[in-house]
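Input: a single structure, listed below in structure tokens.
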Amino acid sequence: MLTFHNVCSVLSSFRLTGIPGLESLHIWLSIPFGSMYLMAVVGNVTILAVVSLERSLHQPMYFFLCMLAVIDLVLSSSTMPKLLGIFWFGASDIGLDACLGQMFLIHCFATVESGIFLAMAFDRYVAICKPLRHTMVLTHAVVGRLGLAALLRGVLYIGPLPLMIRLRLPLYKSHVISHSYCEHMAVITLTCGDSRVSNVYGLSIGFVVLVLDSMAIVTSYVMIFKAVMGLATPEARLKTLGTCSSHVCAILIFYVPIAVSSLIHRFGRHVSPPIHTLLANFYLLIPPVLNPIVYAVRTKQIRAKLLQILKIRAKIR
């Protein structure tokens, strides 16, 4: 480690603190975090297995759901194993490149998830407002292209963030990151030099993803709601709204925690570090845990297939 003026250093690794201020409770915190991570893995793998095995679910909505499950597995697995390692073994060291790689995965796949929600909203709009054209518009090829577009957007949007840190900000004030993972702002605060470009770029990407995506999703659901209200009978309205309820729940589960965490990180100076770090972890863990539950409970086809599998296993036993 090279040091300049006894202040700034060229680092090859960092030390993550876990949940700052709650170090004495790390072993106890590992119980809920470990349990939630296990639920996320089991739930999302189950969704992938059910959709792949049941040919009747090979439809655009369920393909998007599978994409969502893969993204949730990546998001939770990019942070939770390291966090549990800190809790259980004190394995807090992380290399510079590994840290920047973790940063890229977290922010990239959060951006991709937002893009998938946007694609799902478009799918529901076509299915409800233009039902006769749904199979023509949302072909398997189009679904694949929409997923690829969401992935490419995430890579293009987030790729410059770690590169700017690696190439433009090589000096650091400290090697201790007061966080449980390499979040962009947590790393930027440690850098020496002018970080305004990185800060402005990060804010701009956050605005585009959170605000513009959410506005587009809200617009599509307003149009869906108008179309539903034009249906002849209350039963038809309720049935149609029921097909959208799981999507709305999943969207709220994703956007609300990430918006609260982002606002607190940038403007909540009086919020204690433990609260902020816990919120930052929850926004990466709650959607992967709750999304499979929401879709299993709210989606009739998935619920029926799960019950069928459970009945078959019960008979075998």
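Numbers for residues simply follow the sequence, beginning at 1.
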[Y] side chain reached by [X] side chain, heavy atoms, under 4.5 Å:
X    : Y    : value
E113 : D72  : yes
T219 : M223 : yes
L138 : F64  : yes
M80  : M36  : no
L161 : S198 : yes
V143 : M67  : yes

Checking [X] side chain against [Y] main chain: does a donor-acceptor pair fall under 3.5 Å?
X    : Y    : value
H58  : V51  : yes
Q102 : L100 : no
H26  : I19  : yes
T191 : I188 : yes
T17  : H179 : yes
S214 : V211 : yes
E54  : L57  : no
T277 : P274 : no
Y62  : I302 : no
T139 : M136 : no

Nearest atoms (heavy-atom pairs only) where [X] meets [Y]:
X    : Y    : value
A40  : V289 : CB-CG2, 3.9 Å
P160 : Y157 : CD-O, 3.5 Å
P257 : Y283 : CB-CB, 3.6 Å
Y181 : I177 : O-CG2, 4.2 Å
C108 : G154 : SG-C, 3.6 Å
I217 : S220 : O-OG, 2.7 Å

So how far is it from [X] [atom1] to [Y] [atom2], rounded to the nearest 0.5 Å?
X    : Y    : atom1 : atom2 : value
M103 : I165 : CE    : CD1   : 3.5 Å
S76  : L284 : OG    : CG    : 9.0 Å
L285 : M39  : CG    : CE    : 9.5 Å
R145 : H140 : CZ    : NE2   : 13.0 Å
C249 : Y295 : SG    : OH    : 9.0 Å
E183 : N281 : CD    : CG    : 10.5 Å

Which atom pairs, one a donor and one an acceptor, fall under 3.5 Å between side chains of residues 128-135 and the rest of the protein, sequence neighbours left out?
residue	atom	partner	partner atom	Å
H134	NE2	D123	OD1	2.7

Please check if [X] and [Y] belong to a single hydrophobic cluster, counting links between Ile, Leu, Val, Met, Phe, Trp and Tyr side chain heavy atoms closer than 4.5 Å.
X    : Y    : answer
L105 : L152 : no
L148 : I116 : no
Y37  : I293 : yes
F207 : V218 : no
L22  : W88  : yes

In terms of side-chain geometry, is the basic nitrogen of D97 or R166 positioned less than 4.0 Å from the acidic oxygen of its partner?
yes
Going by the salt bridge (charged side-chain N to carboxylate O under 4.0 Å, His left out) test, which pairs reach into residues 198-214, not counting sequence neighbours?
R153-D213
Sequence neighbours excluded, every pair satisfying disulfide bond (SG atoms under 2.5 Å apart) that has a member inside residues 173-207
C8-C192, C99-C182
By the disulfide bond (SG atoms under 2.5 Å apart) test, which pairs, at least two apart or in different chains, include something from residues 44-85?
none
The ring-ring contact (aromatic ring centres under 6.0 Å, His included) partners of Y221 (sequence neighbours excluded) come to none
Could you walk me through whether H184 and F104 pass ring pair (Phe, Tyr, Trp, His ring centres under 6.0 Å), step by step?
CA-CA 9 Å; H184 176 245; F104 172 77; over 10 Å; no
Decide if atom OH of Y201 counts as having more than 12 heavy atoms of other residues, nucleotides or ligands within a radius under 6.0 Å.
yes
Holding to side chain to side chain contact (heavy atoms under 4.5 Å, CB included), I want the full list of residues that pass it with S174, two or more places apart in sequence or in another chain.
V176, L190
Fit a plane to each ring of F254 and F117, take the angle between them on a 0 to 90° scale, and name the class: parallel (under 30°), tilted (30 to 60°) or perpendicular (over 60°).
tilted
